[in-house]
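The structure appears right after this line, and notes come after that.
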Amino acid sequence: MTIYSLVFPVLSLSLCLSSLSIQVVANQRIAYNYKARQTPTKVIIKSCLRINIISSSIIAIIILLSFPLYKFMYGSMDLYYPLLCCIPLIYCSNLAGIIKGYLEANKLFHITSLSNLLEQTAKILVTFLVIYIFREKSILFKVSASYLAMSVSEIISFSYLIFRVRKITSFTLKENKTDFYEKEILKQAMPLTMQSLVLSLAGFFEPIIFTYACSKINISTEASSTYYAMICSYAIPLLIMAIFSSFSVAKAIFPFLSEYKDDKKRSEWYINKALYFCFIFALLNFNISYFYPDFVLNLFYNDASSAPIVSFLAPFYFFSYFTPIFVVVMQAHQLEKQLLMHSIVSSAVGLICIFVLCQNPLFNTSGLAITVVISGLLNIALHYISVRKHTGYKIKIKAIILSIALILQNIIQTLLLSNTHFILNFILTNATSLIFLWIFYNYRFGGQKVSHHLLQRKKRL
């Protein structure tokens, strides 16, 4: 597991640098192009493919030549061989990302969802198979085989995407000249890549600074590491347990926001509905995290020691469910530089707060929890300010009042039913939320349902 864990951050960094966030750029530009009619879709796709093939090849060469580095850093070559098995994964993952961007821009989410499901299923089955077949081999061999299985699953998913795309379109890229359109792609992609690097570096330095600050007031490394694990390995996973819903909604509305970014009324409709959908899941998760942390932590980990931290963070993490929506709004309006600056500012403020608060005896280790709150709220506040400045979007007062009323109703109902069974209480406290969710699904825009836009996708393809 140590070898496996050490390889994974290196692989994540390699994917970040080689992909250059091209999938996001391809999605945004292809979707917007249907309205603007500025650049042929074939030119966009060909430019993205060229960039990703070159960047993937550079990273693959670096991995091939990196064997002296592992010998120097770790005293062994154990990390080198699993990384070699990941080279096909890097190519397939990046190229598949472009295809997914194209499909999602055309609202064909069922194909990308099936490809993701196929990839994860293949990954589990192939990994289990290779480990079982080679169970008598060395640990290093089995770890390498596991990463090779990841590459195989990515190849299977990539092949499925190619097959589906060939069925719905017959265009070829051979005769299309890009006229150096790659520069436009890179201009948009580089800030997104830098943002990913900033967040990765902040995550790398966070435990180091936290441990150092705690040591200044004589808190042992073991005690600080335990508290760090309570927050990062127990509390935060519970607090963001349902955040996949926000990312799913953000992915679903991204091509619409890109296509209709010049139509303020239509864009606002999508943003409002997306935020309300995220509000429902944020409220569901808040009820669990704030009122029942002991029950859920014991259920998942058989350890409820981090329950007070979960209850403290729950009201603030409620707002984190809206962050993906504001991010895709900014991406749709090509505000990548602002996203980068927000990540730099919030990460820098977070690291400074950890250093200052955690060596103060008044806060000690709890300074980390306070920092998580400050950094998270600052990040979403910066996102909202930029969205309002550049797009004119404002959250309506009526929506805020309705949200507050719904939150209070859930809290009061939960307190009144605090002695009932957890499952029954959970169902009753969220019944109102589900009613509002039904209203969300049946709301109409301009006398027509949202789905009428999907009727145009075959024509676009």
Side-chain angles (χ1 to χ4, degrees), residues 20-39 44 101 104-105 181 183-199 246-247 249-279 282 319-350 374-400 403 445-446 450 453:
L20 295 174
S21 304
I22 295 297
Q23 178 179 348
V24 176
V25 178
N27 191 332
Q28 190 275 330
R29 286 186 174 266
I30 293 171
Y32 179 65
N33 190 60
Y34 291 132
K35 274 288 186 185
R37 300 292 180 186
Q38 295 175 345
T39 307
I44 298 174
E104 290 170 1
Y181 190 72
K183 290 183 179 179
E184 295 296 320
I185 299 291
L186 286 172
K187 185 179 178 181
Q188 187 177 351
M190 289 309 296
L192 292 173
T193 306
M194 293 300 296
Q195 181 196 13
S196 298
L197 284 175
V198 167
L199 295 175
S246 298
F247 285 109
V249 174
K251 180 178 285 189
I253 68 167
F254 182 44
F256 290 105
L257 293 174
S258 299
E259 185 172 351
Y260 298 106
K261 72 175 186 178
D262 297 326
D263 187 337
K264 182 179 178 182
K265 186 177 180 182
R266 194 179 296 272
S267 295
E268 282 190 355
W269 188 91
Y270 284 113
I271 296 170
N272 286 332
K273 297 308 150 190
L275 288 175
Y276 196 80
F277 189 92
C278 294
F279 173 84
F319 298 97
S320 68
Y321 281 73
F322 307 114
T323 302
I325 306 303
F326 291 125
V327 168
V328 295
V329 173
M330 294 178 68
Q331 289 175 345
H333 288 266
Q334 297 185 341
L335 300 175
E336 293 83 7
K337 291 182 180 179
Q338 283 82 352
L339 277 172
L340 173 60
M341 290 305 301
H342 296 173
S343 297
I344 293 173
V345 171
S346 59
S347 298
V349 169
I374 294 172
S375 179
L377 293 181
L378 175 62
N379 193 44
I380 192 171
L382 291 172
H383 288 348
Y384 176 68
I385 291 169
S386 287
V387 168
R388 182 168 179 172
K389 177 182 177 182
H390 293 279
T391 69
Y393 173 79
K394 294 190 295 185
I395 298 177
K396 305 256 186 318
I397 299 297
K398 290 181 180 179
I400 296 174
S403 301
F445 174 74
V450 180
H453 302 300

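- To the nearest 0.5 Å, the span separating CZ on F256 from CZ on R266 amounts to 10.0 Å.
- V328 places none of its side-chain heavy atoms less than 4.5 Å from the side chain of Y270.
- Annotation: side chain to side chain contact (heavy atoms under 4.5 Å, CB included) contacts of S246 (sequence neighbours excluded): I243, C278, Y321, P324.
- Put simply, the side chain of R29 reaches to within 4.5 Å of the side chain of Q334, judged on heavy atoms.
- Each of M330, Q188, M190 was compared with E336 under the side-chain contact (heavy atoms from CB on, under 4.5 Å) criterion, and only Q188 meets it.
- With a 4.5 Å cut-off on side-chain heavy atoms, H342 and L378 do not count as touching.
- The nearest pair of heavy atoms linking H333 to K261 is CE1-O, 3.4 Å.
- Contact check for L257 versus Q331: no side-chain heavy atoms found under the 4.5 Å cut-off.
- For I385, there are no side chain to side chain contact (heavy atoms under 4.5 Å, CB included) partners at least two apart in sequence or on another chain.
- Between the CD1 atom of I22 and the CG atom of L186 there is a distance of 6.0 Å, given to the nearest 0.5 Å.
- Contact record, I380 with L377: CG2-O, 3.3 Å, taken as the closest heavy-atom pair.
- A donor-acceptor contact shorter than 3.5 Å links the side chain of S267 to the backbone of Y260.
- Between P255 and N27, the closest heavy-atom pair is CB-OD1, 3.8 Å.
- Results of the side-chain hydrogen bond (donor to acceptor under 3.5 Å, both in side chains) test with Q195 over S347, S343, S21 single out S343 as the only residue that passes.
- Once rounded to the nearest 0.5 Å, the distance linking OH of Y393 with CG of L275 reads 4.5 Å.
- The distance from atom CZ of F277 to atom CZ of F322, rounded to the nearest 0.5 Å, is 12.5 Å.
- By the side chain to side chain contact (heavy atoms under 4.5 Å, CB included) test, M194 pairs with L197, L340, sequence neighbours left out.
- D263 CG to E268 CD: the interatomic distance, rounded to the nearest 0.5 Å, is 10.0 Å.
- Distance check: I344 CD1 to L199 CG gives 9.5 Å after rounding to the nearest 0.5 Å.
- A donor-acceptor contact shorter than 3.5 Å links the side chain of Y384 to the backbone of I395.
- A274 approaches I325 most closely through the heavy-atom pair CB-CD1, 3.9 Å.
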